[in-house]
Amino acid sequence: MAVKTDFIEIFQTIRAVLQPYATLGFSNRINSEVTYDLWSDKNVEIEGQKRNEIYFAGLMIKKSHVGFYYMPVYAEPEMKKIFDPSLLKLLKGKSCFHLKKLDDELLGHIESALAEGYRLYKEKGWV
């Protein structure tokens, strides 16, 4: 794929990667042209607090970037060690990556992060 800089194209490409996870125990709260998210509706206890849902990942088109929200990195900061430096440099705050362009390499890093995050959630019994 050529480098994508159009935010709608970036959003649609990553949403297509996220959508299969909706069949693996996650569900959408929002699936629109500018926002997509995935949640686990499992009753879990995290650090002593009972929850009936937990956020996994999502996308949102913003004015200056496409936000890729990835909660496993917040839940398990050690995950940062597995990220490629090209993905890690896009991390702003604790769990949001700001994407302004997308190529095959970066998409591959996002796919790997999602697979690893899914494995973590399964291991913890969150999905």
Taking all non-hydrogen atoms of both residues, which atom of [X] and which atom of [Y] are closest, and how far apart?
X	Y	value
Gly67	Cys96	CA-SG, 4.1 Å
Lys80	Val73	CG-CG2, 3.5 Å
Lys62	Tyr69	CE-OH, 3.3 Å
Phe26	Ser40	CD2-N, 3.6 Å
Leu38	Tyr21	CD1-CB, 3.7 Å
Val44	Gly125	CG1-O, 3.7 Å

Between atom [atom1] of [X] and atom [atom2] of [Y], what is the distance when rounded to the nearest 0.5 Å?
X	Y	atom1	atom2	result
Leu88	Met79	CG	CE	11.5 Å
Leu91	Phe83	CG	CZ	7.5 Å
Ile110	Leu90	CD1	CG	8.0 Å
Leu106	Lys101	CG	NZ	9.5 Å
Phe7	Leu102	CZ	CG	11.5 Å
Lys124	Lys42	NZ	NZ	13.5 Å

- Is the number of heavy atoms from other residues, nucleotides or ligands under 6.0 Å of Glu78 CD greater than 12? no
- Answer yes or no: are there more than 12 heavy-atom neighbours, outside Ile82 itself, under 6.0 Å from its atom CD1? yes
- Query: When you check the gap from the basic side-chain N to the acidic O, do Glu53 and Arg29 get nearer than 4.0 Å?
  - Reply: yes
- Examine the side chains of Tyr36 and Asn28 and answer whether a donor and an acceptor come within less than 3.5 Å of each other. yes
- Trp39 side chain to Asp37 side chain, donor-acceptor N/O pair below 3.5 angstrom: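 Trp39 vs Asp37: donor-acceptor pair found between side chains.
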- What do the steps show when you test Thr13 against Lys4 for side chain to side chain donor-acceptor pair (under 3.5 Å), and what is the final call? CA-CA 9 Å; Thr13 301; Lys4 293 183 180 189; 2.7 Å; yes
Can you tell if the side chain of [X] reaches within under 4.5 Å of the side chain of [Y], non-hydrogen atoms only?
X	Y	value
Val66	Ile8	no
Leu59	Thr35	no
Leu24	Tyr118	yes
Glu116	Arg119	yes
Arg15	Glu33	yes
Asn43	Lys50	no

- Query: Where do His65 and Leu99 land on the side chain to side chain contact (heavy atoms under 4.5 Å, CB included) test, with the steps shown first?
  - Reply: CA-CA 5 Å; His65 64 276; Leu99 307 172; 5.8 Å; no
Check whether any side-chain N or O of [X] sits under 3.5 Å from a backbone N or O of [Y] as a donor-acceptor pair, and report yes or no.
X	Y	result
Arg51	Asp41	no
Thr23	Pro20	yes
Tyr70	Ala113	yes

- Under 4.5 Å between side-chain heavy atoms, hopping through other hydrophobics if needed: is there a path connecting Leu114 to Ile30? no
- Lys89: partners by side chain to side chain contact (heavy atoms under 4.5 Å, CB included), with sequence neighbours left out: none
- Given Tyr74 and Lys94, is the side chain to side chain contact (heavy atoms under 4.5 Å, CB included) satisfied, shown in steps? CA-CA 6 Å; Tyr74 183 79; Lys94 292 185 179 178; 3.1 Å; yes
- Not counting sequence neighbours, which residues clear side chain to side chain donor-acceptor pair (under 3.5 Å) with Ser86? List them please. Asp84
- Task: Decide yes or no on side chain to side chain contact (heavy atoms under 4.5 Å, CB included) for Ile54 and Tyr121, but give the supporting numbers first.
- Result: CA-CA 10 Å; Ile54 185 168; Tyr121 272 41; 4.1 Å; yes
